[in-house]
Amino acid sequence: MKLTGFYAAAVLGLSLAFAGPVTPVSSETLRVMRGAPSTALNVPMSRAVVVESDVPFAELSIADPNIADISTLSDRTIYVLGKAPGRTSLTLLGADGRLITNVEVRVSPDITEFKERLGQILPNERIEVRTANDGIVLSGQVSSIARMDRALDLAQRYAPDRVSNLMVVGGNHQVMLKVRFAEMSRSVSKSLDGGLVASDGNNGVIAGGSGALADDGTGALAGTFNAAASAVGASIFGFDIDSVRVDILLEALETKGFVRTLAEPNLTALSGQEATFLAGGEYPVPVAAGETTAIEYKPFGIELNFTPRVVDGDVINLQLRAAVSSIDSSNGITSNGFSVDAFSRRETSTTVEMRDGESFAIAGLLQDDFTDLNSQVPWLGDIPVLGTLFRSVEYARDQSELVIIVTPHLVTPVRGDTLALPTDRVKLPSERDLFLFGRVSGTTPTQGAAGEVAQQDFSGSYGYVLD
């Protein structure tokens, strides 16, 4: 008995191993009854549907076999297989040749698997999936453009070139870009000039350095120095040795310069839309137009062009072009009677991606120019100590540094009375305040929320206040 039971268990185990896992099969069935209107038969592509008739049929036909294929399982059962998206008709005829019914067969992409994959990839998105004719229609609301692109890309796998997008992107998609231009310029210049002249009263015997000899009005050299009226750090002294007059000129000059430039333009744009900003002006430039001369205007100042795209959540993609330009009259030209100034321009164009509130230094420039010039009278300038009177030394160094920092913010509009302008803090004075007390501004505060903000004592720079 034990041996018989062991053989039975072994045979059962082998049968299960060869049979494999048991998968339940579900099928859709359409019942057709004579004299009753037939409903449409929806068949997923590459899937089969069974059609059952209450009366036996003798003949059946499909209008377009490229859309659906049919085969008979019995005289009352039909097997319909979807082949390609589209619509066609299934005709059933009885044994007497009379029409039993016409069934409209609609073959559409199989969206069951697509819905499962969409739920796995984008589980928290409210996307509705429908079929329309031979394509897929996506509707609902998604949280970002990136997730919309993922859903569309997945739909293209199931219905290539037959996907209709009716989805909308929710959330905040207005971007305010804060750009800070900071430029520092430093310059140092030093020069040392010396001159020596010895004369007998009529003609100069020895002259050297960069000093200029005076003219006595007869064309002869008087043998003395004349310092320019605007000279800084110039010293002239002389002495007589018998009939010889000796004059010495020493001119030492040191200049230091420091320039700081800071601009902070703010600009708001909708996601995907370009915004431009210019704080400066336009310079007229003459250009040839045939036989006449036309005027073309070139912009200068602080320029900003950017296109924001909210990619996913608070991730922002920025296509940015920023420029700082100014008029440079030292490098101008004169042509045909017109004097045209040149431009000094620093420009950057880039694409960056960051989150809300994060900052990037998108451009930086460090420039260091150095000039060292030494001119002297041959041989005499090489004499120790005394050779200084026959030399002219110039030293100059210019340094400039430019940094451009961008910071994007996702913003929403607010009520107008919650915004404060710089002019809200300034009121026109009354005649009493102006003439009696010498006040150039009034003391009446602005009413509302803007007035409360305007009364605050700002210790630094201030401008638009956003809630």
Side-chain angles (χ1 to χ4, degrees), residues 179-196 207-212 225-237 248-265 279-281 283 298 300-304 321-334 339-350 359-406 461:
V179 183
R180 287 177 286 174
F181 297 86
E183 184 173 14
M184 307 286 287
S185 298
R186 298 173 291 272
S187 63
V188 177
S189 177
K190 299 179 181 181
S191 63
L192 177 62
D193 295 334
L196 172 66
S210 60
F225 285 109
N226 277 347
S230 60
V232 179
S235 176
I236 303 176
F237 60 93
I248 299 175
L249 170 65
L250 292 177
E251 184 177 359
L253 180 64
E254 179 179 8
T255 60
K256 296 180 180 180
F258 181 82
V259 178
R260 174 180 180 266
T261 303
L262 180 65
E264 295 189 14
Y283 182 77
K298 299 291 185 180
F300 69 92
I302 304 296
E303 300 177 59
L304 176 63
R321 185 174 68 85
V324 183
S325 58
S326 58
I327 298 177
D328 185 6
S329 57
S330 62
N331 294 321
I333 62 172
T334 301
S339 179
V340 182
D341 295 330
F343 285 87
S344 176
R345 184 178 180 88
R346 283 81 72 201
E347 181 177 355
T348 180
S349 178
T350 183
S359 297
F360 250 136
I362 63 168
L365 173 64
L366 179 60
Q367 187 174 355
D368 192 351
D369 296 332
F370 175 79
T371 303
D372 190 1
L373 179 62
N374 184 11
S375 59
Q376 66 180 23
V377 177
W379 303 299
L380 296 179
D382 297 329
I383 300 175
V385 183
L386 187 60
T388 305
L389 301 176
F390 300 91
R391 281 198 304 266
S392 176
V393 180
E394 294 181 3
Y395 164 85
R397 186 173 185 179
D398 295 325
Q399 292 179 322
S400 63
E401 184 175 1
L402 172 67
V403 176
I404 302 176
I405 300 175
V406 297
S461 60

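Only a predicted model underlies this, so the values are computations on that prediction, with no experimental measurement involved.
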(Q) List the residues meeting salt bridge (charged side-chain N to carboxylate O under 4.0 Å, His left out) with E347, not counting sequence neighbours, and say none if there are none. (A) R321, R345
Q: With sequence neighbours excluded, tell me which residues meet side chain to side chain donor-acceptor pair (under 3.5 Å) with Y395.
A: none
(Q) Keeping S325 on the side-chain end and G301 on the backbone end, is there a donor-acceptor pair under 3.5 Å? (A) yes
Q) With sequence neighbours excluded, what pairs up with R186 under the salt bridge (charged side-chain N to carboxylate O under 4.0 Å, His left out) test? A) none
Q | Nearest heavy atoms of D328 and S344, plus distance in Å | A | CB-N, 4.1 Å
Q) Can you check side-chain contact (heavy atoms from CB on, under 4.5 Å) on V324 and I302, steps first, answer last? A) CA-CA 5 Å; V324 183; I302 304 296; 3.9 Å; yes
Q | Polar side-chain atom of Y283 near backbone of D341 as donor-acceptor pair, under 3.5 Å | A | yes
**Q.** F343 atom CZ, neighbour heavy-atom count above 12 within 6.0 Å
**A.** yes
Q: Mind checking side chain to side chain donor-acceptor pair (under 3.5 Å) for K298 and listing every partner two or more places apart, or none if nothing turns up?
A: E296
Q. Are side-chain N/O atoms of T348 and R346 paired as donor and acceptor at under 3.5 Å?
A. no
Q.
Please give me the minimum heavy-atom distance between L366 and E401, naming the atom from each residue.
A. CD1-CB, 4.1 Å
Q.
Out of the candidates I405, I362, L304, only one should pair with V179 under the side chain to side chain contact (heavy atoms under 4.5 Å, CB included) rule; please name it.
A. L304
**Q.** Residues forming a side chain to side chain donor-acceptor pair (under 3.5 Å) with S185, sequence neighbours excluded
**A.** none
**Q.** All side chain to side chain donor-acceptor pair (under 3.5 Å) counterparts of D368, not counting sequence neighbours
**A.** R397, Q399
**Q.** Distance-minimising heavy-atom pair for V188 and D398
**A.** N-OD1, 4.4 Å
Q: Could you grab the distance from atom CD1 of I404 to atom CD of E183, nearest 0.5 Å is fine?
A: 9.0 Å
